[in-house]
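What follows is a short report on a single structure.
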Amino acid sequence: MKILAISGSLRAGSSNTALLHAMAALAPAWVEVSVYGGLAGLPHFNPDLDPDAIPAVADFRARLAAADGVLISSPEYAHGVAGVMKNVLDWVVATGEFVDKPVALINASPRAHHAQDALTETLVVMTARMVPEASIAVPLLGRTLPEGGMLADAEVADALRGAIEDFVRAVAGRATD
């Protein structure tokens with residue numbers, strides 16, 4: 001099983017990115033979770049451009065198409081979706097890679113729900129299959145933890161382990177539908 005993880009943050013010490021790396025470490029051995037690192041290299045979305053002619057966009061689309069499911073963890077800025085996250089979604093809004101694709105949203109800040117709501121709405125419009133049982137708000141409680149700190153914190157690790165296990169079950173269930 002291949003899962004693509006997308007962080008909507010470009011910050012070097014991003015809690016969103018660390019959450020996804022920790023989830024990858026907690027995934028069953030037979031599940032490959034790859035954290036996409038090309039967000040900063042995507043140009044601004046322009047519908048006049050051919051996405052197949054832009055290597056960074058073509059690469060992202062190929063990774064998304066090859067994935068059995070997608071995990072997204074994105075910060076909220078001024079009650080909205082991070083611009084780079086919206087940009088990556090705009091590049092695939094009309095190309096079909098999200099059609100019936102299982103998606104879970106991981107929130108690094110439980111108080112920041114506006115971006116999660118907006119992401120959910122966008123992904124539903126793109127006909128992604130949201131997996132609510134695997135979409136969680138992680139109890140970081142204002143702490144900034146690196147991946148190792150998240151794995152060492154029993155409460156955080158348990159929440160992430162439960163979410164990745166729920167997500168894997170949902171993705172595997174889709175394969176048998």
So which atom in [X] and which in [Y] form the shortest heavy-atom distance, rounded to 0.1 Å?
X	Y	value
Leu145	Gly149	CD1-O, 4.0 Å
Val131	Ala104	O-CB, 4.2 Å
Pro28	Val168	CD-CG2, 4.2 Å
Ala22	Met150	CB-CB, 4.1 Å
Gly41	Ala56	O-CB, 3.7 Å
Ser9	Thr17	O-OG1, 4.0 Å

With a 4.5 Å heavy-atom cut-off, do [X] and [Y] have their side chains touching?
X	Y	result
Val70	Ile3	no
Phe60	Leu4	yes
Trp91	Pro43	yes
Val92	Arg61	yes
Leu123	Leu89	yes
Leu20	Val33	no
Phe45	Val88	no
Thr127	Phe98	no

Is [Y] reachable from [X] through a run of hydrophobic residues whose side-chain heavy atoms are each under 4.5 Å from the next?
X	Y	result
Met130	Phe167	no
Ile136	Val171	yes
Val81	Ile106	no
Leu64	Leu49	yes
Val103	Met1	no

Kindly compute the distance separating [atom1] ([X]) from [atom2] ([Y]), expressed to the nearest 0.5 Å.
X	Y	atom1	atom2	value
Arg63	Lys2	CZ	NZ	10.5 Å
His21	Leu151	NE2	CG	11.5 Å
Ile72	Ile6	CD1	CD1	5.0 Å
Glu147	Ser15	CD	OG	12.5 Å
Met85	Leu39	CE	CG	6.5 Å
Leu71	Leu19	CG	CG	10.5 Å

Item to complete: Sort and list the pairs that fulfil salt bridge (Lys or Arg N to Asp or Glu O under 4.0 Å) and have at least one residue in residues 34-45, not counting sequence neighbours.
Response: none
Worksheet item: Taking the side chain from Asn107 and the backbone from Ala112, do they hold a donor-acceptor pair closer than 3.5 Å?
Response: yes
Item to complete: Scan for side chain to side chain donor-acceptor pair (under 3.5 Å) pairs involving residues 22-51, sequence neighbours excluded, and state none if there are none.
Response: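 As it turns out, there is no side chain to side chain donor-acceptor pair (under 3.5 Å) pair with a partner in residues 22-51 once direct neighbours are skipped.
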Practice prompt. Can you run down the side chain to side chain donor-acceptor pair (under 3.5 Å) pairs that involve residues 65-90, sequence neighbours left out, and say none if there aren't any?
Written response: Asn16-Ser73, His79-His114, Lys86-Asp90
Worksheet item: Yes or no on side-chain contact (heavy atoms from CB on, under 4.5 Å) for Glu121 and Asp117, after CA distance, side-chain angles and deciding distance?
Response: CA-CA 6 Å; Glu121 177 65 20; Asp117 296 344; over 6 Å; no
